[in-house]
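Heavy atoms only: backbone and side chains are in, while hydrogens, waters and symmetry mates are out. Below, chains carry the letters A, B, ... as their sequence lines are ordered, and counting in each starts from 1.
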Protein chains: 2
Amino acid sequence: MSTLEMIEAAALRLQGHVRETPILTSPFLDEIAGRRVLVKPECLQHTGSFKFRGAWSAISGLSEADRKKGVIAYSSGNHAQGVAYAAARHGISAVIIMPSDAPKLKIDNTRALGAEVVLYDRSNESREEIGEAVAAKRGLTLIRPYDEPLVIAGQGTTGLEIARQAAVLGVEQADVLVCCGGGGLTSGIALALEGHAPGLRARPCEPEGFDDVKHSLALGRIQNNAATSGNICDAILTPQPGDITFPILQRLCGPGLSVTEEEAMRAMALAFLRLKIVLEPGGAVSLAAALFRRSEIQGDAVIIVASGGNADPDVFAKAMEFLT
Amino acid sequence: MSTLEMIEAAALRLQGHVRETPILTSPFLDEIAGRRVLVKPECLQHTGSFKFRGAWSAISGLSEADRKKGVIAYSSGNHAQGVAYAAARHGISAVIIMPSDAPKLKIDNTRALGAEVVLYDRSNESREEIGEAVAAKRGLTLIRPYDEPLVIAGQGTTGLEIARQAAVLGVEQADVLVCCGGGGLTSGIALALEGHAPGLRARPCEPEGFDDVKHSLALGRIQNNAATSGNICDAILTPQPGDITFPILQRLCGPGLSVTEEEAMRAMALAFLRLKIVLEPGGAVSLAAALFRRSEIQGDAVIIVASGGNADPDVFAKAMEFLT
């Protein structure tokens, strides 16, 4: 279980280590969205995504004895970098299991952030088997990317900040659009808002065709995506909602929203032009939903969690073409 | 005269209207710079640059009778957008005199921010004559871009924030590198630091060949640049330091730094990759100085004011090429 108390406890552990991201606005985005748009740019978080929050929460929440032995994670993306950097700043070792065909830059970054990278061959090795062997031998704790109460609690600190910041800005009723993969960030935010800003309602945003959370919420039970790859929003492609996250989403969230790849890229371009921030496709689906699905949103303000900015330069350049 | 008291008074007028920008960091930038790099991204300010601070300060500092009549500014760039938006949010009219060959996007943006744009022909009309005629007829107050005490006071609020934020981060001694055109931002920050963080020293950063402030400081008197155009850092190309700003810079600043166009573009690329922010060339010269002029900087930390992010998409794409 993840609870509001766990999120508040995580916030205390995160204080001074995690960045409180600001709220950004632009009259040009308000115009397109037809309402006030408040953007929380988690791309400005350490390692370029909200994942650092959950990683810090999980590592700082371990017993000292367990923490000293080190941690392990499977990921080629934002979770890997978040865990690597949070571990390094705790002065402990981290092993990250990455596919050998992952982009060289991501492997180099993860190493440069202080982690030991163990590569595996996607086609004939199992990362779970390799990971379990390494973990057992060295007594490492596995940090799961979303179906883990301490991770959900860390991501939920984003929601505590939103509750405070929205109150200062006079926004009491609004949809809070959250980029959603396995649901760690969305469920954490939903729990924080339930406790501190009950007029704000989290809503998961996903790429079309990978909108398992939207369909699962609509049907009332966990649904799988037909495909597991083949969309530019790589950071948030998960086969299905998590077992821990889904009941939270079901109890607290409004209906899911989904957007096309082109809409995500257009949102990246507008974030460049109007907010001066860098978003990756998976981190821009919430903004895309606010801008291009306005009829599915209620109220005179909408809050956007722009979850990450680790965009490949080529993908970013492609998104910029939508400006011309 | 601009004084610390004027900056503190401006801060009170700006409260709730101007964004307190965060401090961003990256271990990758620390590595290149050879010291801790703390970046204050004023690109995230309203209208994409620090100019909104000075504009708000100047407009809010007018008598109510003067303010009601409206304001006027000459600029095709960041000052235009700052004045236009600050005026609109005060509910007063703004006239911006822009060259008819300014990029259409900038003209459109300035209009969309609520200003009345008066175009002039650069080759055979004087913007001063046109501006003075319009101002006299309608009783408008001219908002100068830097040689204006209320504007300097507004830009100086950036320095108050830096003093507070550096203290929280435990940085008491450091150079504060500031992108410098006419010196409004640099002189305002220098005054604020003198009062609130005397261990922090402002240093102006400019493009090579347009480093009039650096040369003026070195020689002890105002020097002109040989050229007035022909550099990619368009936002900070001014012929010479201001009459009001220069004595402040002379009394309080460390030596100037200058960087090449290529270094400014490399800094833009690294800001994209490591900080997830969009900088324009003129807003990146301070980061470039920290990264590529490390031997000219002292101390184990350096603070960077990244002053603006209104980059043309084509220029940004060119900067991104340095990543490959």
Side-chain angles (χ1 to χ4, degrees), chain A residues 15-16 19-28 30-31 39 41-49 81 84-85 88-89 105 108-109 112-114 165 168-170 268-269 271-280 283 306 308-324, chain B residues 15-16 19-28 30-31 39 41-49 81 84-85 88-89 105 108-109 112-114 165 168-170 268-269 271-280 283 306 308-324:
Chain A
Q15 204 162 26
R19 212 166 267 155
E20 173 161 334
T21 49
I23 295 287
L24 305 179
T25 56
S26 160
F28 295 99
D30 295 354
E31 177 77 22
V39 178
E42 278 295 304
C43 53
L44 303 180
Q45 191 51 263
H46 293 292
T47 70
S49 87
Q81 294 184 58
Y85 192 48
R89 287 183 51 173
L105 181 70
D108 289 350
N109 279 353
L113 288 169
Q165 292 169 321
V168 169
L169 294 166
M268 288 170 67
F272 161 87
L273 188 65
R274 301 307 184 189
L275 301 175
K276 314 305 173 189
I277 58 172
V278 175
L279 296 181
E280 61 188 286
N310 290 312
D312 186 271
D314 294 343
V315 171
F316 196 79
K318 219 167 145 183
M320 303 268 291
E321 287 172 17
F322 287 104
L323 291 176
T324 51
Chain B
Q15 204 162 27
R19 212 167 265 156
E20 173 161 332
T21 50
I23 295 286
L24 304 179
T25 57
S26 160
F28 295 99
D30 296 353
E31 178 77 22
V39 178
E42 279 295 304
C43 54
L44 303 180
Q45 191 52 264
H46 293 292
T47 69
S49 87
Q81 294 184 57
Y85 192 48
R89 287 183 51 173
L105 182 69
D108 289 350
N109 279 353
L113 288 169
Q165 292 169 319
V168 169
L169 294 165
M268 289 169 66
F272 161 85
L273 189 64
R274 301 306 184 189
L275 301 175
K276 315 304 174 189
I277 57 172
V278 175
L279 296 182
E280 62 188 286
N310 289 315
D312 187 272
D314 293 342
V315 171
F316 196 79
K318 219 167 146 184
M320 302 269 289
E321 287 172 16
F322 288 103
L323 291 177
T324 52

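With a 4.5 angstrom heavy-atom cutoff, A:Thr21 does not touch chain B via any of its atoms. There is no contact between B:Leu169 and chain A, counting heavy-atom distances below 4.5 Å. For a residue to count as touching a neighbouring chain, one of its non-hydrogen atoms must lie under 4.5 Å from one of that chain's; by this rule B:Leu44 touches chain A with backbone and side chain alike.
Considering only heavy-atom pairs separated by less than 4.5 Å from chain B, the leading option among A:His46, A:Arg274, A:Glu280 is A:Arg274.
One distance of note links CZ of A:Phe28 with CG of A:Leu273; it measures 8.0 Å at 0.5 Å rounding. The CG atom of A:Leu275 sits 6.0 Å away from atom OG of A:Ser26, with the distance rounded to the nearest 0.5 Å. Put simply, CZ on B:Arg19 and CD1 on A:Ile23 are 9.5 Å apart, with the number rounded to the nearest 0.5 Å.
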Considering only distance and modelled atom types, tabulate donor-acceptor pairs under 3.5 Å from the side chains of residues 310-318 of chain B, sequence neighbours left out.
{"unit_1": "B:Asn310", "atom_1": "OD1", "unit_2": "A:Lys276", "atom_2": "NZ", "d": "2.9"}
{"unit_1": "B:Asn310", "atom_1": "ND2", "unit_2": "B:Thr47", "atom_2": "O", "d": "3.0"}
{"unit_1": "B:Asn310", "atom_1": "ND2", "unit_2": "B:Asn78", "atom_2": "OD1", "d": "2.7"}
{"unit_1": "B:Asp312", "atom_1": "OD1", "unit_2": "B:Asp314", "atom_2": "N", "d": "3.0"}

